[in-house]
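In what follows, a structure is listed as structure tokens, so that the remarks can point back to it.
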Amino acid sequence: MEEGDEGIEKKAAGEIEEVAKKLNAERIVLYPYAHLSPKLAPPDVAVNVLKNLETVLNENYEVCRAPFGWYKSFVISCKGHPLSELSKEIRNENDKEESEALKAEKKTTYWYIMTPDGTLHAVDEFDYRNYPNLKKFVDYEISGTRAVKQIPPHVELMQKLELADYEPGSDSGNMRYYPKGKLIKALIEDFVEQKVLDFGAMEVETPIMYDFNHPSLKSYLNRFPARQYQVLSGKDKYFLRFAACFGQFLMMHDATFSYKQLPIHIYELAKYAFRREQKGELVGLRRLRAFTMPDMHTLAMDMEQAKSDFKKQYEMAIEVLKSFGLELGDYEVAIRFTREFYNENKEFIKSLVELVKRPVLIQMWDERFFYFVLKFEFNFVDNMDKAAALSTVQIDVENARRYEITYYDEKGDKKYPYILHCSPSGAVERVIYSMLEKAYRDSTKGIKPSFPVWLSPVQVRIIPVKDDFTGCAIQEMDAIKNSGFRVDIDDRDLSVSRKIRDAEKEWIPYIVVLGEKEKESGKLTVRIRGNGVKEMSREELINLLHRETAGFPKRKLPLPTMLSMRPKFRG
RNA sequence: GCCACCGUAGCUCAGCCGGUGGAGCGCCACCUUGGUAAGGUGGAGGUCGCGGGUUCGAUUCCCGCCGGUGGCUCCA
């Protein structure tokens with residue numbers, strides 16, 4: 001008996017009877033034998049199957065069942081027909097049961113485009129002329145149109161810029177991040193954390209692996225289509241979390257709170273969330289098996305409170321994406337809900353569409369198949385016409401009950417709250433993917449690709465014209481660095497134009513060339529990315545940097561400040 | 001997971017029909033001390049993804065595996 005063999009007795013009995021008939025056998029011995037197998041089923045399952053098998057076979061045969069758990073010792077003598085010595089393996093075929101969620105996907109859904117005035121248009125009648133990306137998104141969602149064969153631009157960029165790379169030593173979809181990529185990730189994480197703390201969330205940390213057999217988790221797992229990574233702790237089986245829901249729900253199950261404290265927000269940076277996606281789906285940073293997901297949950301008293309928080313989080317998500325240089329229009333909005341929710345909240349839905357001032361994709365279900373009644377996502381459409389979800393918020397009407405999460409109302413009675421799931425930015429890796437894809441799109445339009453200054457790994461590069469000016473360069477560097485910015489010096493033995501070329505290839509926003517002229521004038525010659533060369537004082541440059549990065553987190557340069565001291569991580 | 005293509009130096013790639021491998025960039029050394037997108041010369045560097053098979057002989061042909069990419073499917 002191995003895992004997944006439950007309920008196999010009928011099939012096994014059929015096979016056994018068939019052989020017994022050929023041999024004209026009258027008696028059958030059932031002998032339990034735990035053969036060498038890496039995934040034996042638990043003993044109680046095996047005993048149960050054996051007993052059932054005995055009952056079934058008893059109808060036509062004389063059956064003798066040896067006790068379970070005795071040490072294996074037996075002698076078999078064979079004579080006669082070759083069939084008298086035979087080994088067979090009988091397995092359950094349908095161990096790939098479709099999850100509830102997968103089945104649900106296949107049921108009836110309705111697609112529309114909603115314009116800011118609240119009108120629903122049929123998807124195939126809407127005029128997409130001014131919204132080519134919406135058209136691509138709709139095609140992607142509904143029919144799955146695909147583009148030409150090409151390596152996605154962001155993959156080449158993530159490698160060239162030494163941000164991230166494939167790691168052949170790990171499972172597919174688990175990436176390595178070089179110093180610059182690690183820095184960008186950390187800054188995005190810092191930023192989202194800052195945003196949700198300002199929003200009023202409490203940051204927590206929960207385990208990355210959970211018990212398969214925990215009752216609440218078990219039924220929740222069944223609601224999701226993706227497969228999990230499995231982990232063994234001795235003989236015990238755990239799965240790696242695919243979101244931070246589990247830990248936070250279990251935590252709130254044990255917490256005591258009343259309606260006066262609602263809404264309650266808890267936040268965790270799920271690092272990592274694991275989803276064992278199909279291999280063919282893994283591409284660069286778009287789709288990973290291990291990724292970093294900011295995950296906030298909100299406990300709301302009633303639907304009114306849930307809706308009001310939903311809208312605030314919707315607005316927060318717009319603001320968060322904007323900070324990454326992703327403006328309304330750089331991504332497509334999808335809003336999905338049940339028909340019942342829509343009928344009761346038409347004005348609310350309309351207000352969401354009004355906020356983004358553009359048509360959005362609507363998906364409506366007749367029945368609720370998922371745990372949520374309302375959900376939005378912001379989807380980035382890339383250069384291959386593929387869409388990837390970034391920010392999302394959902395109103396969950398199911399899991400408070402499943403996890404027995406309750407609050408006390410005015411009368412002191414226990415009640416189930418609504419739960420909002422929110423990822424203000426979406427997966428951090430996906431944010432980087434979107435920025436790179438957008439930068440590539442810019443470059444095809446003749447715009448210099450770049451990161452927002454606060455995310456640029458190197459914000460200022462100083463290029464001394466000769467070795468003699470290195471001392472000078474160090475002084476300038478220290479001054480700018482002490483103001484909280486990332487500066488380095490290209491002290492390599494190369495021509496000035498060569499060093500500028502390299503700095504441009506790294507997308508550095510401010511390049512300072514330092515030589516005789518600057519030493520005399522006391523001014524800096526600054527090459528501003530995509531904006532020509534300007535002369536300014538050190539203070540002016542620092543003020544400019546302050547303006548560009550106001551309100552954003554800061555981190556130090558995680559690299560040697562002298563370029564000559566820096567290893568190349570790639571080519 | 002299925003189908004297709006790809007896998008040659010750290011990187012990007014060339015290598016016709018089987019006869020033990022090349023370029024550019026990078027790296028190292030030397031020369032050059034430069035003014036807004038590549039200064040010059042020389043050198044080191046490769047079990048041709050891994051494992052089998054065919055062959056006197058395989059980077060080259062065949063099979064399997066691993067990895068990447070595209071398509072299908074799918075996404076909390």
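Chain naming here is simple, since letters A, B, ... match the order of the sequence lines and numbering starts at 1 in each.
The side chain of Arg570(A) lies closest to C11(B) when the candidates are G70(B), C11(B), C74(B). Among the nucleotides U36(B), U33(B), G35(B), the one closest to any side-chain atom of Ser497(A) is U36(B). The side chain of Lys448(A) sits closest to A37(B) out of U12(B), A37(B), G35(B).
Using a 4.0 Å cut-off, some side-chain N or O of Ser172(A) falls inside it from OP1 or OP2 of G68(B). The phosphate of G67(B) (OP1 or OP2) has a side-chain N or O of Lys279(A) nearer than 4.0 angstrom. Between Lys568(A) and C27(B) there is a side-chain polar atom (N or O) within less than 4.0 angstrom of OP1 or OP2. At least one side-chain nitrogen or oxygen of Lys466(A) sits closer than 4.0 Å to the OP1 or OP2 atom of G34(B). Between Arg286(A) and the phosphate of C75(B), there is no side-chain N or O to OP1/OP2 separation shorter than 4.0 Å. At the phosphate of G26(B), OP1 or OP2 sits under 4.0 Å from a side-chain N or O atom of Arg498(A). For G71(B), the OP1/OP2 oxygens have a side-chain nitrogen or oxygen of Lys386(A) closer than 4.0 Å.
Across all strands shown, G53(B) is found opposite C61(B) as a Watson-Crick or G-U wobble partner, with both distances under 3.5 Å. If you check C5(B) for Watson-Crick or wobble pairing at under 3.5 angstrom, you find it paired to G68(B). Pair check for G43(B) finds C27(B); Watson-Crick or G-U wobble, both atom distances under 3.5 Å. Remark: G34(B) base-pairs with no nucleotide; criterion is Watson-Crick or G-U wobble with both hydrogen-bond distances under 3.5 Å.
Put simply, the side chain of Arg275(A) and the base of C74(B) share no donor and acceptor less than 3.5 Å apart. Judged by distance alone with a 3.5 Å cut-off, no donor-acceptor contact links the side chain of Asp493(A) to the base of G39(B). For Glu167(A) against G67(B), a side-chain-to-base donor-acceptor contact under 3.5 Å is absent.
One P atom belongs to U20(B), the other to U54(B), and the distance between them is 22 Å to the nearest Å. Going from the C1' atom of G45(B) to that of G39(B) covers 24 Å, rounded to whole Å. Between G49(B) and G43(B), the two P atoms lie 27 Å apart (nearest whole Å). Using P as the reference atom, C63(B) and G7(B) are 16 Å apart when rounded to the nearest Å. Here the separation of U12(B) from C17(B), taken at their P atoms, is 24 Å to the nearest Å. Rounded to whole Å, the C1' atom of C56(B) lies 23 Å from the corresponding atom of C16(B). Only the P atoms considered, C66(B) is 38 Å distant from C28(B), to the nearest whole Å. Here, U36(B) and C74(B) have their C1' atoms 49 Å apart, quoted to the whole Å.
Each of Asp468(A) and Thr525(A) has a nearest nucleotide on RNA chain B; the 5'-most of these lies closest to Asp468(A). Comparing Ser495(A) and Ala243(A), the nucleotide of RNA chain B nearest to each residue sits closer to the 5' end for Ser495(A).
For an aromatic pair to be called close, the ring centres must be under 6.0 Å apart, and Tyr371(A) with His421(A) satisfies this. No close placement of the Phe239(A) and Tyr229(A) rings is indicated, their centers lying 6.0 Å or farther apart. Taking the six-membered ring for Trp and the full ring otherwise, the centers of Tyr440(A) and His154(A) sit at least 6.0 Å from each other.
With hydrogens and angles disregarded, no donor-acceptor distance shorter than 3.5 Å links the side chain of Arg570(A) to the backbone of Asp165(A).
Phe451(A) and Trp507(A) have tilted rings, their planes meeting at an angle from 30° to 60° on a 0 to 90° scale.
Looking at Gln394(A) and Asp396(A), their side chains never bring a donor and an acceptor atom within 3.5 Å of each other.
Among the atoms of the strands shown, none is found under 4.0 Å from any heavy atom of Gln159(A). Across all strands, Lys499(A) comes closer than 4.0 Å to no nucleic acid atom at all (heavy-atom distances). Using a 4.0 Å heavy-atom criterion, one finds that Gly284(A) contacts the sugar-phosphate atoms exclusively.
A salt bridge does not link Lys237(A) to Asp211(A): none of the charged side-chain nitrogens sits closer than 4.0 Å to a carboxylate oxygen.
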